Amino acid sequence: MTRSDQRPSWDNYFMEIAGLVSCRSTCLRRAVGAIIVKEHRILSTGYNGAPAGIRHCAEVGCLRETMNVESGQRHELCRGIHAEQNAIIQAAYHGVAIRGGTLYCTNLPCAICTKMLINAGITEICYKEGYADQLSNSLLDEAGITMRQIRGGSR
């Protein structure tokens, strides 16, 4: 077997990187990583956690956990910003255009992130695991955004 036979596909490569990005998460419930890619180039990354300069959930606890809030519900009861939101924010902060890009994310985005991704011009979403938010699927279908589940990568 040659070295070129061992190279991961682009999808597996980017999903593996999204998994690595998720390792920076400060969320106590779910570590999520996201990257935005265009023409096989990484434009932006993001992971879920508290805004810059704000104490992390690991320091102050998780309000959603305390209140027994189910996954996919009551997103406003969280100190953290979702990985997809952080990827969009980082691109904007640094003046990087992401329109026409592909999002690789360890989880399918929630409805809030989905609306942001639609307006940011993301044209494809590749995800590793699903998410308990049916509205997200409906919005993505209506917007004509391609969704693909990528099962590769080790993270």
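Only this structure's heavy atoms are used, side chains among them; waters, hydrogens and symmetry mates stay out. Remember, it's a predicted structure, so these values are computed and weren't measured experimentally.
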| Under 3.5 Å: donor-acceptor pair, side chain of Ser25, backbone of Asn48 | yes
| From OH (Tyr13) to CD1 (Ile42), nearest 0.5 Å | 5.0 Å
| request: Please work out which of the three classes, parallel, tilted or perpendicular, describes the rings of Phe14 and Trp10, given edges at 30° and 60°. | output: parallel
| query | Distance from Glu142 atom CD to Ile118 atom CD1, nearest 0.5 Å? | reply | 8.0 Å
Enumerate, atom names and distances included, each donor-acceptor pair closer than 3.5 Å involving a side-chain atom of residues 83-103, sequence neighbours excluded.
| from | atom 1 | to | atom 2 | distance (Å) |
| --- | --- | --- | --- | --- |
| Gln85 | OE1 | His82 | N | 3.1 |
| Asn86 | ND2 | Tyr47 | O | 2.8 |
| Thr102 | OG1 | Glu124 | OE1 | 3.3 |

| note | Smallest heavy-atom separation, Leu139 atom then Ala111 atom, equals CD1-O, 4.1 Å
| query | Side chains of Asp11 and Arg148: closer than 4.5 Å at any heavy-atom pair? | reply | yes
Give every donor-acceptor pair under 3.5 Å between a side-chain atom in residues 57-67 and any protein atom, sequence neighbours left out.
| from | atom 1 | to | atom 2 | distance (Å) |
| --- | --- | --- | --- | --- |
| Glu59 | OE1 | His56 | N | 2.7 |
| Arg64 | NH1 | Gln73 | O | 2.6 |
| Arg64 | NH1 | Arg74 | O | 2.8 |
| Arg64 | NH2 | Glu70 | O | 3.3 |
| Arg64 | NH2 | Gln73 | O | 3.1 |
| Glu65 | OE1 | Arg29 | NE | 2.9 |
| Thr66 | OG1 | Cys62 | O | 3.0 |

| request: Output the distance between atom CG (Asn107) and atom CD1 (Ile125), rounded to the nearest 0.5 Å. | output: 12.0 Å
| note | Closest non-hydrogen contact found for Thr114 with Ser136 is OG1-OG, 2.8 Å
| Knowing that exactly one of Cys113, Cys105, Cys110, Pro109 qualifies, which makes a side-chain contact (heavy atoms from CB on, under 4.5 Å) with Val32? | Cys105
| Thr106 side chain to Lys128 main-chain N or O, any donor-acceptor pair under 3.5 Å? | no
| field | side chain to side chain contact (heavy atoms under 4.5 Å, CB included) evaluation trace for Tyr104 with Ile17 | value | CA-CA 9 Å; Tyr104 284 83; Ile17 292 170; over 6 Å; no
| With a 4.5 Å heavy-atom cut-off, do Pro51 and Ile81 have their side chains touching? | yes
| message | For a 4.5 angstrom cut-off between non-hydrogen side-chain atoms, does Thr146 reach Thr123? | response | no
| task | For residues Leu117 and Ile145, determine if any side-chain heavy atom of one lies less than 4.5 Å from a side-chain heavy atom of the other. | result | no
| field | Spacing of CZ belonging to Arg79 relative to SG belonging to Cys27, to within rounding of 0.5 Å | value | 12.0 Å
| said: Using every non-hydrogen atom in the two residues, find where Ala50 and Ile54 come nearest and quote the distance to one decimal. | reply: CB-O, 3.8 Å
